[in-house]
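Chain naming here is simple, since letters A, B, ... match the order of the sequence lines and numbering starts at 1 in each.
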Amino acid sequence: MKSKFYITTPLYYVNASPHIGHSYTTIAADVLSRYMRKKLGEENVWFLTGTDEHGQKIEKAAEAAKLTAQGFADCVVLKFKELWKGLNISYNDFIRTTEERHVKTVKNALEILYKKGDIYEDKYVGWYCTPCETFWIDSQVIDENCPDCKRKVERISETNYFFKLTKYQDWLLSYIKDNPDFIKPDSRKEEVLRFLELNKLNDLCISRPKERLSWGIPLPFAPGHVTYVWFDALVNYISAVGEFNADGKYQSRWWPAQLHLMAKDILRQHAVYWPIMLHALGIEMPESIFAHGWWMLEEEKISKSRGNVVNPVDIVRRYGLDAYRYFLLRDVPFGLDGNFSEEAVIKRYNSDLANDLGNLVYRTLTMIEKYFDGNIPDSKEGRIKYDLKGQKIINLIEGEDFVFKKVVGKAIEDYNFSQSLTEIWNIINLANKYVEETKPWNLAKESKQKELRAFITVLVKVIRNVAEELMPFMPDTSSAILEQLGKDKINKGDPLFPRLLS
RNA sequence: CGCGGGGUGGAGCAGCCUGGUAGCUCGCAAGGCUCAUAACCUUGAGGUCCUGAGUUCAAAUCUCAGCCCCGCAACCA
């Protein structure tokens, strides 16, 4: 692990409002960023997100909304930014592909590749599906219909510009093989490898004539054409954190990225197009690319006809922000697909947050009020003699090896968020058991103050450590817990997660 | 021969790569306890690990064949 951490989400396409999927990727990136800031220091972490705003779909959507393309994009960007604020996303930078810094870098990149001969002009003859913005060759088209959307395709013949993917296919294949951590998880890496082994890449058409698409970045060497969306969008990862100097050398404090995070549907672009673009530009590869799974909406069939789609804002309003963040990262191992349902959210909320965590904090606070008059016993006051079980727990959290901290951190660094949370819950459960085994109410009756003091100290330490480790996942909850335990006089107040009736 | 994911106690999953007493969470049942949010703790019931064949001393785990389910849509993470 390097001493700095640059992480990105994909640029979200602004042809509509953000949904659960966007929030998933971004929350995961946020958790990693927060964790890394704690580990490496604030100044050594850079978290980038943003929006992809060019292309035909945007142009069309804007038209439908009776706005200019830029005006339309501006509106949707606001929605994204609002959502990120609502989800407590701690991004350092938000880049839009319509910003000058980005446009400039894209143009530079295009120019460099053109001069180098990696972009060339050619006549394209074939079929084009306007709604899909996709080119098809004869064999793919079925009765002059788009194989994807089944609508009529147009026969077109036009001059376009192509990027020489073919030239670098072998290089990419061996790069991926030589760098086993480049594409994660492994199953995805295998997918890409197999794809590269079994197929011959086609050169990528990276332009659209202006007559057909005006909403894009013009090619510097062919002003009658604009760039294709993916060529535009991927470049953001470098345009946001650096620039090309006069010699065409890219310079940046943050590059290369430690991690590009995305969902599995855009792995191809990130694992094939992007590395080749970088390589052709003479730029270092990102350290790794991670493709996570999808959330399947359980009520999908219903929601399609009824039109009520799961909206992150609604879930947060109903169950709270941290419950949402917790659910997404806990319920399904990162990388696999999951099923989203409110029922599942409620289950997690009640059993994990209310019964386990919330209740542990609450019962502990109550005991501090009851047995110690609201003052947390000072652990410095004399040596504390823990009982055997208490000592075991203390060893886990503050023994030489800091086992607890280590296993939680290790899982996060492996991008295994659910595992990390499971480890945290293991110690929460251990603490709940410890209460049962120690029976503090008996100690109180027998006025065993010393024992009681040691007992409470164990619980307080567990809770503090849990809050500490939970910070990247549930920042608000962690702060609330630490604040409560930081007061001179405990006032337990309301439970953190009141049970929900389902 | 389209692509991809998957079939493990009532539900949701882990285990499979690197074969060797089948594990977790929820639910259910009984009991315990009272500091606590009808919470917490203990114990228990419940499984042909899709089918068949093969490899092996040994297969949920490896090989082959077959069956079945899901997505391939949108706001596409």
Exercise for the section: Could you check whether A:P333 gets within reach of a base, just the sugar-phosphate, or nothing at all, counting any heavy atom under 4.0 Å? Expected result: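 Counting heavy atoms under 4.0 Å across all strands, no contact is made by A:P333.
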
Exercise for the section: Indicate, with a heavy-atom threshold strictly under 4.0 Å, whether A:I266 touches base, sugar-phosphate, or nothing. Expected result: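 Contact class for A:I266: sugar-phosphate only.
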
Exercise for the section: Check whether any side-chain heavy atom of A:L261 lies under 4.5 Å from a side-chain heavy atom of A:F334, and answer yes or no. Expected result: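 A:L261 vs A:F334: side chains touch.
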
Handout entry: Contact check, side chains of A:R363 and A:L459, non-hydrogen atoms, under 4.5 Å
Key =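 Not touching, per the 4.5 Å side-chain cut-off.
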
Exercise for the section: For A:P10 and for A:D331, find the nucleotide of RNA chain B with the closest heavy atom, then tell me which residue's nucleotide is more 5'. Expected result: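 With A:P10 and A:D331 compared, the 5'-side residue is A:D331.
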
Handout entry: Closest-nucleotide 5' rank along RNA chain B - winner of A:K347 and A:Y24
Key =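 Residue closer to the 5' terminus by nearest nucleotide: A:K347.
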
In Watson-Crick or G-U wobble terms, both distances under 3.5 Å, what is the partner of [N]?
| N | result |
| --- | --- |
| B:A29 | B:U43 |
| B:C16 | none |
| B:C3 | B:G71 |
| B:C35 | none |

Could you work out the separation of [N] and [M] based on their [atom1] atoms and round it to a whole Å?
| N | M | atom1 | result |
| --- | --- | --- | --- |
| B:C33 | B:U42 | C1' | 10 Å |
| B:A77 | B:G71 | C1' | 15 Å |
| B:U21 | B:G10 | C1' | 25 Å |
| B:C41 | B:A74 | P | 46 Å |
| B:G46 | B:A22 | P | 15 Å |
| B:U63 | B:C24 | C1' | 30 Å |
| B:C49 | B:A14 | C1' | 12 Å |
| B:A30 | B:C68 | C1' | 38 Å |

Handout entry: Evaluation steps, side-chain contact (heavy atoms from CB on, under 4.5 Å), between A:L353 and A:M474
Key = CA-CA 11 Å; A:L353 299 178; A:M474 308 202 280; 3.9 Å; yes

Nearest-angstrom distance from the residue atom [atom1] of [X] to [atom2] of [N]:
| X | N | atom1 | atom2 | value |
| --- | --- | --- | --- | --- |
| A:L267 | B:G5 | CG | P | 12 Å |
| A:Q419 | B:U25 | CD | P | 13 Å |
| A:F334 | B:A14 | CZ | C1' | 19 Å |
| A:W295 | B:G12 | CH2 | C1' | 12 Å |
| A:R348 | B:A11 | CZ | P | 17 Å |
| A:E343 | B:U25 | CD | P | 20 Å |
| A:I58 | B:C76 | CD1 | C1' | 12 Å |
| A:F417 | B:A77 | CZ | C1' | 14 Å |

Problem - Partner set under salt bridge (Lys or Arg N to Asp or Glu O under 4.0 Å) for A:R499, not counting sequence neighbours - result: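 Listed in chain order: nothing, the list is empty.
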
Side chain [X], main chain [Y], donor-acceptor under 3.5 Å:
| X | Y | value |
| --- | --- | --- |
| A:Y6 | A:Y237 | yes |
| A:E53 | A:A73 | no |
| A:Y349 | A:P498 | yes |

Handout entry: Anti/syn call for B:A73, syn if |chi| within 90°
Key =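 Here B:A73 takes the syn form, which means its glycosidic angle is within 90° of 0.
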
Practice task
Any side chain to side chain donor-acceptor pair (under 3.5 Å) involving residues 69-83 of chain A? Give me the pairs, sequence neighbours left out, ordered by first then second residue.
Solution key: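 Side chain to side chain donor-acceptor pair (under 3.5 Å) check on residues 69-83 of chain A returns A:S17-A:K79, A:Q70-A:D74, A:D74-A:R96.
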
Completion exercise
Protein heavy-atom contacts under 4.0 Å, written 5' to 3' over nucleotides 33-46 of chain B as B (base), S (sugar-phosphate only) or - (none), form the string SSBBB-SBSS----

Practice task
Evaluate the ring-ring contact (aromatic ring centres under 6.0 Å, His included) criterion for residues A:F455 and A:Y434: first the C-alpha distance (whole Å), next the side-chain angles of each, then the deciding distance (0.1 Å), finally the verdict.
Solution key: CA-CA 9 Å; A:F455 162 77; A:Y434 181 58; 5.4 Å; yes

Practice task
Check whether any side-chain nitrogen or oxygen of A:H22 sits under 4.0 Å from OP1 or OP2 of B:A77, and answer yes or no.
Solution key: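 Indeed, a polar side-chain atom of A:H22 lies that close.
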
